[in-house]
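Here's the structure, in structure tokens; my notes come after.
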Amino acid sequence: MWNAVQDLKPVLLMLVVQIAFAGVNILYKLAVNDGMNLRVIVAYRFAFATAFMAPLALIVERKKRTKMTWTVLFQSFLCGLFGGSLAQNFYLEALALTSATFASAMANLIPAITFILAVSFGLEKLNLGTAAGKAKIVGTLIGIGGAMTLTLVKGAEIELGSFHLNLLHQRKGAQTHAGKTVPGALCALASGISYALWLIIQAKMSERYPSHYSSTAMMCFWGSLLSLVFALCSERDWTQWRLGWNIRLLTVAYSGIVVSGMMVVVISWCIRMRGPLFASVFNPLMLVVVALAGSTMLNEKLHVGCIIGAVLIVCGLYVVIWGKSKELKKKNQLVASEGPNESNTIQIEVRSTVEDN
């Protein structure tokens, strides 16, 4: 039973991660509707994450922190650049140019991008001759297809009951962004590539520096520094930087402390345990949660296509998880079979009688 719980721990943790990510997307909608600048949100997000993670890393890993090297420091900078500043700024720019649904749908290309990059860098093997290798490929494709179905296929509208809480009120002067689909798609694609690169670099960094709290704190520090420079260059209106006891403070605090802080630690641990592909295939679940939350809290419509897409996503996740579990089981069997041979080795020492006396 304990082994079963340990096997399910990465899956359950990644489910929590996607629920937290879906929550920050809802808060992004509310903060943008309130008129907050997107680049300022990113800068504050990583500033809050750094302020939360740095003391936590110093306390938790004060005695077991791995020695810092220049290579690890450079990798942490790349994590802050790709997984922090670039990924978030490109994503929010796509959100501003198109819509939240479109940006979330494009984000589901991350598993395919990660799989291609992981194979290119040697972190994943195709293993087309094995059932596990075929399962990873088929499951990834099913998950992406389900996410696209959830977004593009509508069908009949579904009523979830009488509970509807409309938190999104149209702000005066709000403008639509029709005709900017292509630039928005390019920004969303750039965000997906940046996020996939972060997963690859994080996997390499975890091998040299397995102190997840410290690595997350360094990533947040570089992300906040880069995002702050970018935001200051593009936003000179200081009223945009003012925070009060409102949705703006809640958005940056939640996105920084919970998502960029605690959830990144969880993702780093899952990457170390199961690899970058395992972490990336859970991204389509965020769209499922956003669709459900949007239909109940943001006055958005839920259609049959959402249900079909959700079923496909869950099936795709199950297939990929099954393939990864088969690979891990085979690897553990190989380690177990090699262990007894080493433990049964007999060492024979020949000494002279003079040495004995």
Side-chain angles (χ1 to χ4, degrees), residues 7-19 21-22 25 91 100-121 123-156 158 185 188-189 191-193 195-196 199-200 203 267 270-271 273-295 302-330:
D7 291 338
L8 286 176
K9 186 188 295 185
V11 177
L12 297 177
L13 288 176
M14 286 306 302
L15 291 177
V16 173
V17 167
Q18 295 308 316
I19 293 174
F21 281 8
N25 275 271
Y91 180 79
T101 303
F102 185 88
S104 300
M106 290 294 292
N108 289 291
L109 294 175
I110 292 176
I113 299 172
T114 305
F115 184 75
I116 295 172
L117 293 177
V119 172
S120 303
F121 285 103
L123 298 178
E124 289 284 344
K125 295 182 179 179
L126 289 176
N127 293 329
L128 294 177
T130 63
K134 295 177 182 177
K136 289 193 299 182
I137 297 175
V138 173
T140 302
L141 294 176
I142 292 176
I144 296 174
M148 295 299 103
T149 302
L150 189 150
T151 305
L152 301 176
V153 179
K154 288 189 176 182
I158 299 176
L189 181 61
S191 175
I193 294 174
Y195 190 89
L199 292 175
I200 300 298
I267 294 175
C270 292
I271 290 174
M273 294 294 104
R274 297 292 181 88
L277 178 64
F278 177 85
S280 68
V281 296
F282 284 84
N283 287 328
L285 278 179
M286 180 184 67
L287 191 55
V288 178
V289 181
V290 169
L292 294 176
S295 63
L302 185 63
H303 300 273
V304 174
C306 295
I307 305 300
I308 298 175
V311 172
L312 289 175
I313 288 171
V314 173
C315 292
L317 289 177
Y318 177 80
V319 173
V320 174
I321 294 172
W322 179 85
K324 293 294 293 185
S325 63
K326 292 287 288 184
E327 285 187 346
L328 288 175
K329 186 181 296 184
K330 184 177 180 180

What distance separates [X] [atom1] from [Y] [atom2], expressed to the nearest 0.5 Å?
{"X": "L8", "Y": "L13", "atom1": "CG", "atom2": "CG", "result": "10.5 Å"}
{"X": "L141", "Y": "L312", "atom1": "CG", "atom2": "CG", "result": "12.0 Å"}
{"X": "C270", "Y": "L199", "atom1": "SG", "atom2": "CG", "result": "11.5 Å"}

Please report the closest heavy-atom contact between [X] and [Y], naming both atoms and the distance.
{"X": "A196", "Y": "L117", "result": "CB-CD1, 3.8 Å"}
{"X": "S191", "Y": "Y91", "result": "OG-CB, 3.4 Å"}
{"X": "G323", "Y": "A135", "result": "CA-CB, 4.0 Å"}
{"X": "V289", "Y": "A22", "result": "CG1-CB, 3.5 Å"}

